[in-house]
Every structure is written in structure tokens, then in C-alpha cells.
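Below, chains carry the letters A, B, ... as their sequence lines are ordered, and counting in each starts from 1. The analysis underlying the following values was restricted to heavy atoms, covering all of them including side chains, and did not include hydrogens, waters or symmetry mates. Predicted, not measured: the structure shown is a model, and the values here were computed from it.
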Amino acid sequence: MQQDSQGRQTPGTRRSEPGKTGSRAGGPSSAAGETGTPGGRVSARAQELSLSTQPAGLSLPDDNDQVQARITKLQRYQELGIPAYDGAYAGRDPVARLVEGFEQRQGQTVRVAGRVRALRGHGQLSFADLYDESGKIQLLIGADRVGEAAYALWQMVDLGDIVGAEGVLVKTRRGEISVEVQSFRLLSKAVRPLPDKWAGLRDVESRYRYRYLDLLTNPEVHHLFVLRSRILDAIRQFLSGRGYLEVETPILHPVAGGANARPFVTYHNALDMRLYLRVAPELYLKRLLVGGMEKVFEIGKDFRNEGIDTRHNPEFTALEAYEAYGDARTMMELTEEMVAYVARQVVGREEIVYQGQEIRLTPPWKRITMREALCEYAGLTAEQVEQPEALRAVAAAKGIKPRVNDYGHLLAELFEELVEPNLVQPTFVTEYPVEISPLAKRSEGDPRFTDRFEPYVNGWEIGNGFSELNDPLEQRRRFEQQLAARVEGDEEAHMMDEDFLRALEYGMPPAGGLGIGIDRLVMLLTDSSSIRDVLLFPHMRPKEEKEESDAKE
RNA sequence: GAGCCGGUAGCUCAGUAGGUAGAGCAGCGGACUUUUAAUCCGCGGGUCGAGGGUUCGAUUCCCUCCCGGCUCACCA
């Protein structure tokens, strides 16, 4: 076996807090001398190396017998001067390709690397299942092939260790495609035992907190996040195919705008100023329209300081797209075509099944005004939906207490209560009241409403779009109304944004805008019942407070 | 924020009508050169989520709290 002779133990040397609890006092000099640290290194460097190679006090904060056993093996490697965290392993073959191409490559020397997930020792012969991202291959390690010394080393390999191996591609007597190992290297020693391979990681809390373990032990989870990535890819393909430019705008906002939502507040020390994490990129993207960019989109995180549940995470991914010289209709067409395209690319078809419910995403989607929807799904009459008093009566009868009592809020609240859950098949709801749409252009012919739409699928609002208001004086009046609502206690109402108004005052072309909740779209396309299942690292409360308080700074 | 359910070994789980707990896998020691969740022999391993109360005695009963899941309320 060819083991690299140099103990390249660089990992960990960049740690900002060198050696916790006075481990430097003990002086690891003797051990370091034997780790094969070659002479000729600068002494300061050697000192640093030897410090870093001390297995953190020979124990972990939550130690157990299995961890101890692994750390003992780790020390053994160090005593032998053999790296347990070796460097790059070039020239490897994805294992699935070896399995698929076995006929062509049989008998050839191949290199593989991955995580050991099963071990079957058999005296002087051992088998291991090695997994890389492409799949699994069996390693066959015989003392007679690798030599006694290397075989002894192999017997210190634990489940979860990451190894690289070189050998001949063969089939065993039982017909299992295998690498008959000639040499191997330990690339990363796992000092914690992995979750049981067969049961996987079941505990939901642990799956979210330790997603890496979830990914490792539950292949369907890995697959889901591959799908999520493909969805994002497909969206980008679709939009750039239509001439859109992807841009990035600030997340730190001096004024939080673009959506009715409560922002997170943060603080810039050097500037001594309050900043908000954005609730939407809208107002910056529209500045780009003023600047002459005609089709722009951004995919990024928005942050809303609101509740957490199966459909809401404090940070979530949104797509926003703006098209100059378009309007709400332009964006509705864009939406339905994009969603259908993404479904075809990722799921392979336009019909999806969500939690047992079949949903057909094929355009064109149903279009209905908010008032029509109230008539169709909630049994209101065409007269009722026009009159605030009638709506108030309906709300009272249904036990709905509107937060704001004007016509627009009443209509919208009744819609949300009575209609939303019914909109399972894709539907564009149009003609939103002006009171709740401070950034949208008014409908031609009816100033109570705006040229706005929201796409609904599965009873969820998956997006929001409109003909963008580009009259700066009108926009200023709308902001003033929002400010009034803030004074009335609506914490989600917009703040005045003079900088944005100034941009509009230079002239923004008429435009259509669209926002899509990417996480919900991913939920739909992957049949996931909780937003946490489609976020790699959903927000979690800290599990327990650290004993040593981080009171240092 | 409210209601319901849950937290037991590294993982997956069982259990204790109150007498400080078990299994499978994993681990440790041993045997084994073609296994497939290898097999066989032997052995360790737990502040039963945290704190308090009742009790001679609490993992179990009671209270409070923490974390999570689901449902509801608000939001995308």
C-alpha cells in the first residue's frame, strides 16, 4: 500500500480559538514528533501543527464509548505517522459509472473514493460498501493483496469513514461488482458513529438540525434537494430564454418595502444606523427599470419577522421578475408558462399529484376577479360584493372580524377566508382592491381596484404580480395612505421610501412585475407537506444553551 | 400565541400498575479468504429532555420549563 509519508494535518489550523482548556500546557511534543511531521518546517509552524493535531482533549463534549473507540484509532494513525485526514484524491471514478460500465472496464485498475457504509469482515478478507454521490460499489480487501500491515490498518476503518481506494474492477463469486483493492488511503476519519444505515435518521427534529445526516442516510432526501436545484435551474433557463437578466440587489435595506410584512431589524456599527433585512427586492428591481434594464429577475432570500409553521420560514426564497412595457397580463402568461415549463423539466409532465390531489398545470390557467370568486365560491351576490355595508354584514354573519373596515380590506379578508382554500387547480385571481395594493396601477375604468393578480395553486397563494404603478405622484399618495395605516397600528403597512420615489420621478416605463414563492413551488413539485422539508436548513430554535456563555464579546 | 402528541443506549424502538431499564443494529474482545443488513462465541454501554414536588424510593405520578411534530390563529 502506498501511504503518503507526509503527515499533512492542515485541517483545523485556521481555528480562531487555539487549543481550548489549556491543552497547550501539556505539550504534545513527543506525539508530534512521531506523527511524521517532516523536519525542516519552521518551528512556529510545527508548533501550530502539533497543537492542531491534538484530538481535542482526546474527547468530545458529548463523549461515549463509540467516539472513544474511534479517537483511539485516530491516535493510532498519528502514532504510525499516517494521515487520517488525507488530501485530494484525484482521478477517481464515480462508482455508479463503474457498475454501469462494468463490461468495458472489467479487469482495469480503477480509483474510487467515498464513505464506508457497511463492513463485512471475514478474517483475512473483508468487504465494504463504499458510497459516493453517484451510488454504491463493493470493496474487496484481502490481506494477501494489500499486505499484512495495510490489512491491519484496514481493520481500523469504521463505518462512516471516508476512504479512497485503488484496485482492479472485478466481479466476486456471488456476482457483485467490486474493486479488488490494491491500495487505499483514509481520507477522513469519522469520530462520531453515523446513524444506523438501515433505519436511517427518523427523528424529524434531528433530520432538520443535522441535515447532513439526513442527506447521508435517507436517499430520498438527497433526491429532493437535487430536484430543488433543478427547479431553480429550469426557472433560470426559462427566464434567460426570454431575454431576462439575473441581478442581485441589496438585502440590507434602510427602508423595508415592497411587501406588507414585518421586517427584521439589524444595525450597522460603523455607520451607526438601523437597517432592515429585506422583505422583498421589488423597489430595487424597479429602480433598475428606471435605469433602462428592461427585463430583470432576482432569485434570493426575503426575511419576514412573522410566525413559523409548515408553510412559513423566517427566511424564504422568492423570485421576482420585471418586464418593461409589459403589464399584469404579460406576467400572468409568463407565470403559467414558466410553471408548466418547470414541471415538464423537473417532473416530466404538467400534471402533478400533491398529497393525493391531482393538479394540472397546463396553461392557460383560470382567471377570475376577486369579486367573481366570492360569488362563485362563497355564494355572494353580484350586488353584495360591490357594497361595503353588505360585505360587513357577511363578515359579521361568518364571524370574520376585519382588521380594517374599508371596502378593500373587507373584500380581501372575505376572499381569504371564504375562497382561498377552494382554489386548488391553478387560478389567477385578479382585480385586487387598491387599499391593499399600494404599488400596483389602478384598473382602467374602476379606481377601486388595481391591475393585480395572484396565482393560486392548491389553495395557496404562490405568487403576486401586477402592472407596476409608475406615476410618482400617485405612488407618493399611496405611501401616505400606508403611513396613515401604520399610525392606525398596521405594522405591516409600507414605510415612506423617498429614494424610491425619486427614482420613479425620473420616469419608469410601464411594466409588469411578478413574485413567486419558490419554496411553495418546490413543495408542490416535490409533493412535500412542510416547507421545512424543502429547505436544507430550516430555522430551528437552539437546542440548549451553551454552558459557557458566549459573553466574551 | 392556543390545543393535542412526542423526547428512553451512537441509531431505530420496546418497557416500567413507583423498587434507578431492555431488544436489534452499532461498539469492544475473539474465530473466520467470496460476503451482501455475513455468521458464530463472549463483553461493555443509559444523569429515561431539564428543574422542582409527592414518596422510604420517581424514568414512571403531579407542577413548571426547554426542544420538536401536527392542527388552529397571523403572514408568502
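- For the P atoms, the distance linking B:rG27 with B:rC72 amounts to 44 Å, nearest Å.
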Check: protein-nucleotides 40-45 of chain B nitrogen or oxygen pairs below 3.5 Å:
unit_1	atom_1	unit_2	atom_2	d
B:rG44	N2	A:Asp65	OD2	2.3

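- Protein atom CZ of A:Arg532 is 13 Å distant from nucleotide atom C1' of B:rU71, rounded to whole Å.
- When the C1' atom is used for both B:rC61 and B:rA17, the distance is 12 Å, rounded to whole Å.
- Annotation: side chain to side chain donor-acceptor pair (under 3.5 Å) contacts of A:Tyr151 (sequence neighbours excluded): A:Ser126.
- Taking atom CG of A:Asp203 as the reference point, atom C1' of B:rA9 lies 15 Å away to the nearest angstrom.
- Look at the C1' atom in both B:rC62 and B:rG18: the space between them is 13 Å, to the nearest Å.
- Using a 4.0 Å heavy-atom cutoff across all strands shown, A:Asp533 reaches no nucleic acid atom at all.
- The ring of A:Trp460 does not lie on top of the base of B:rA76; it is either too far (5.5 Å or more) or too tilted (30° or more).
- Using modelled atom types, one side-chain atom of A:Asp309 and one backbone atom of A:Arg311 make a donor-acceptor pair closer than 3.5 Å.
- In this entry B:rU71 has B:rA2 as its Watson-Crick or G-U wobble partner, both defining distances falling under 3.5 Å.
- Remark: B:rA58 base-pairs with no nucleotide; criterion is Watson-Crick or G-U wobble with both hydrogen-bond distances under 3.5 Å.
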### Task
Start with the C-alpha distance between A:Arg105 and A:Asp93, add both sets of side-chain angles, then the distance that settles salt bridge (charged side-chain N to carboxylate O under 4.0 Å, His left out), and finish with yes or no.
CA-CA 11 Å; A:Arg105 307 206 50 184; A:Asp93 293 290; 3.0 Å; yes
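- When the P atom of B:rA37 is taken as reference, atom CH2 of A:Trp198 falls 6 Å away, rounded to whole Å.
- Residues A:Tyr354 and A:Trp460 bring their aromatic ring centres within 6.0 Å.
- Closest of all the heavy-atom pairs between A:Arg211 and A:Pro538 is NH2-CD, 3.9 Å.
- In this structure, A:Arg209 reaches the sugar-phosphate backbone alone: every heavy-atom distance under 4.0 Å involves primed, P, OP1 or OP2 atoms, never a base.
- Comparing the P positions of B:rC48 and B:rC41 gives a spacing of 32 Å, expressed to the nearest Å.
- Residue A:Leu201 is classed as a sugar-phosphate contact, given heavy-atom separations below 4.0 Å to backbone atoms only.
- Judged by closest nucleotide on RNA chain B, A:Thr310 is the one of A:Glu417 and A:Thr310 placed further toward the 5' end.
- Regarding A:Glu205, its CD atom lies at a distance of 12 Å from the P atom of B:rC70, rounded to whole Å.
- B:rU64 and B:rU20 are spaced 29 Å apart, taking the P atom of each and rounding to whole Å.
- The distance from atom CD1 of A:Ile141 to atom C1' of B:rU36 is 14 Å, rounded to the nearest whole Å.
- Under 3.5 Å, the side chain of A:Asp309 and the base of B:rC74 form at least one donor-acceptor pair of N or O atoms.
- In this model, the phosphate group of B:rC28 is approached by a side-chain N or O of A:Lys73 to a distance below 4.0 Å at OP1 or OP2.
- Summarising the geometry, the separation between CG on A:Leu194 and C1' on B:rG27 is reported as 14 Å, rounded to the nearest angstrom.
- With both ends at atom C1', the span from B:rU8 to B:rC40 equals 30 Å, rounded to whole Å.
- For A:Phe238 and A:Phe297, the distance between ring centers is not under 6.0 angstrom.
- For A:Glu205, the salt bridge (charged side-chain N to carboxylate O under 4.0 Å, His left out) criterion is met by A:Arg209, A:Lys543, not counting sequence neighbours.
- Between A:Arg541 and B:rG68 there is a side-chain N or O to OP1 or OP2 distance below 4.0 Å.
- Classification of A:Glu246 and A:Arg236 as a salt-bridged pair holds, one side-chain N sitting under 4.0 Å from a carboxylate O.
- With a cut-off of 3.5 Å on both pairing distances, the Watson-Crick or G-U wobble partner of B:rU39 is B:rA31.
- B:rC13 sits 11 Å from B:rG7 when the P atoms are compared, rounded to a whole Å.
- Distance A:Leu139 CG to B:rU36 C1': 13 Å, rounded to the nearest Å.
- Spacing of C1' atoms, B:rA37 relative to B:rG3, comes out at 42 Å, to the nearest Å.
- When heavy atoms are screened at a 4.0 angstrom cut-off, A:Thr217 is found touching no nucleic acid atom at all.
- For the salt bridge (charged side-chain N to carboxylate O under 4.0 Å, His left out) test, residues two or more places apart in sequence or in another chain that qualify with A:Lys189 are A:Asp158, A:Asp161.
- Contact annotation for A:Leu159: backbone-only contact, meaning every heavy-atom pair under 4.0 Å involves sugar-phosphate atoms and none involves a base.
- Taking every side-chain heavy atom of A:Asp158 into account, B:rC28 is the closest of B:rC28, B:rC70, B:rG69.
- A:Leu216 comes within 4.0 angstrom of nothing in the nucleic acid, heavy atoms only.
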Listing time: all N or O pairs from protein to nucleotides 32-35 of chain B that are below 3.5 Å?
unit_1	atom_1	unit_2	atom_2	d
B:rC32	N3	A:Gly123	N	3.0
B:rU33	OP2	A:Gln124	N	3.2
B:rU33	N3	A:Asp144	OD2	3.4
B:rU34	O2	A:Arg173	N	3.2
B:rU34	O4	A:Arg145	NH2	3.2
B:rU35	OP1	A:Arg174	NH2	3.4
B:rU35	OP2	A:Arg174	NE	2.0
B:rU35	OP2	A:Arg174	NH1	3.1
B:rU35	OP2	A:Arg174	NH2	2.6
B:rU35	O2	A:Arg120	NE	2.6
B:rU35	O2	A:Arg120	NH2	3.2
B:rU35	O2	A:Gln138	OE1	3.1
B:rU35	N3	A:Gln138	OE1	2.8
B:rU35	N3	A:Gln138	NE2	2.9
B:rU35	O4	A:Gln138	NE2	2.7
B:rU35	O4	A:Thr172	OG1	2.4

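- More than 12 heavy atoms of other residues, nucleotides or ligands shown are found within 6.0 angstrom of NZ on A:Lys366.
- Here the side chain of A:Arg202 is nearest to one of B:rA76, B:rC67, B:rU12, namely B:rU12.
- If A:Ala261 and A:Pro195 are placed on RNA chain B by their nearest nucleotide, the residue sitting closer to the 5' end is A:Pro195.
- In this structure, B:rU47 makes no Watson-Crick or G-U wobble pair, since no nucleotide meets both defining distances under 3.5 angstrom.
- In this view, A:Phe316 satisfies the ring-ring contact (aromatic ring centres under 6.0 Å, His included) rule with no residue, not counting sequence neighbours.
- Side-chain atoms of A:Asn464 never come within 3.5 Å of backbone atoms of A:Gly515 as a donor-acceptor pair (strictly under, hydrogens ignored).
- The NZ atom of A:Lys136 sits 10 Å away from the C1' atom of B:rA37 (whole-angstrom rounding).
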